[in-house]
Amino acid sequence: MSTANSVSDFLNMLTMGNRPNVTISVTPGVGLEMIVVDIANYSVKNYTYRPLAYNESLREISDIEEFKRDLSEMFEELNISPKCNVTLNLPTVLFGSIELSLMLGDEAITSAITSEVEQSYVFKRHDPIVKWMDSSSGNTENRRLFYAAVQQLVIENISNALIELGANLVDVEMSLASTLRALDYTGLANAQMQEGVTWNLLTINSNGYNIISMSGKKIVDYYEEPIAVKSYDGDEIYNVIASSAQITLMSYPANYLFIISDTDSVSAELLAKKINVGYSIEYIENNKFKAKEILPASLDVLQDNVLKISIQAVGAAVAASSDYPLAFNFLASSDGEAVVVEDVVKIPIGDNEYAVTPSVAAILAGVVGAVLLIPVGIAFLLLPQLQAQKQAELDELNANIQQVEKQIADLKEQQQIAGKFNIKSEINKVLQNNRIKLMSYSAIGEAVPPELWLTYFKAEGGGDISIQGGSNTVEDVYLFFKNVKEYLVKSDLKLQKLEMQSDNVDEFMSNLPVTYDFEISNIKAPVAAATGDDKSKDGKDNSKDSKNSKDKKGKTTGQAANVVPDKKLLSDKPIN
């Protein structure tokens, strides 16, 4: 493995687990949404959307390639790296309830629900992923279960599209649960979600309407009525939904009715005026009639996009931090492990990692093969040098081992003679000192950027370290300093000096190459490199006066990076 690859692997290890979290929502009526919510401050940090064709009959994205192109553009628009963790919200495909015997175990319940789900026309074509939750209370012979299902192939296609972009799919939510979670998070249904309060949620979409009977935050019953909403003209659809829903609502006595319209064909406000239930009615427009945002948005969100933000996207974005009791993550199996969607081979090349799936393997095979030949050829050319380097490291390690063994033997001999000290403590001290030295050598070897070199290095067993060198850029010095500190956590290293070799300001301003000298140390009085710079002609050590001394060019130098001559121009980039 080359030095460049070693540094790359080390940096990837340091940044592991720091992938940003992004939520995308497939929302009929809006399209494809990408949202980042500031959960603590109840606001939308970033948002964009694209129109996306969605097949309402088959309950799936019409064109997965269009989906992938839109996602790529949205990541670029929001300046978000595609290498992120993605939570996905999908329209509700199938939701229902069933009663089963208490004698059945979880595996038998899943099988029974799967058999029930497969009766739906949607799952005649594709295998389902089924999730369920127990809502029964009290000692009865049966358990009342609510279940949801989505096509496994749909999740596989979306997951593979995200993998090709570099993203990692971590959660798949459904719109029904996301809507209830958003009502809870935003406080829009605060009065309804109190303990002991009964209320009904009426949601209208292009396929009809559904009613969820609720007690506080707990779902009690579910009813769905299919209606071809788009086939009606004008106000006729309001009369159809109102007359049907009023009859159904008589079976669910409540204190409140909450209406949400997800389709541009129906206004929730107008429908609320058509329905007479004898108790309080509230509504939310989640369509073109929306006049108020679901959550406040930051200035980074385009003003024209604020009213596009759907309640489902908000609910999915807060899924990881919400404790709302109704939750279905279709990406997790019944035992909590991720569902295997498709085998993907990840090939690291340089600083990038390429995911090869069956759908793109044929296209990438030739490209990957050609690219892989390049490092192989370089490896053959550098093999003799690499072998010599590794042999030198091995010889140095063996020498250190022999030194440690000699020290241990000496300590044992001294103990036998004097018998006045603890040999175990002394051995541990020797091993610790040598371990510190070896860790220092490893840190230097792993952290040196390509455009930076070392001119002096000293590591004492007691933890004292001094590093001097040069670089063509200030950024490489900061990167090297940051990497060494993170590798040697308890070393208390500081950037003691950072200055240009040249004192010619015109040379720096004309963009000519500039070399920077630096010193990184945890020694209060840094040890100068073996150049004799700190000694005068008479051989006396003048390092104590170095802070105000002048070199042969007449420039004043200091021990710390903040003591810089007026003619020196250094980067003001902060050390991370």
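Count residues from 1 along the sequence.
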Any sub-3.5 Å donor-acceptor pair from [X]'s side-chain atoms to [Y]'s backbone N or O?
X      : Y      : result
Asn41  : Ser43  : no
Asn287 : Ser261 : yes
Lys290 : Ile309 : yes

Will you find, in the side chains of [X] and [Y], an N or O donor that is under 3.5 Å from an N or O acceptor?
X      : Y      : result
Asn255 : Thr198 : yes
Asp262 : Asn286 : yes
Glu225 : Ser244 : no
Ser310 : Tyr49  : no
Ser206 : Glu56  : yes
Asn89  : Glu33  : no

Can we call the ring centroids of Tyr185 and Tyr42 under 6.0 Å apart?
-> yes
Do Tyr222 and Phe146 have ring centres separated by under 6.0 Å?
-> no
Supply the atom-to-atom distance Asn483 CG to Lys485 NZ, rounded to the nearest 0.5 angstrom.
-> 12.0 Å
Enter the distance from Phe67:CZ to Glu60:CD here, rounded to the nearest 0.5 Å.
-> 13.0 Å
Can Lys288 and Asp264 be counted as an ion pair, charged N to O under 4.0 angstrom?
-> no
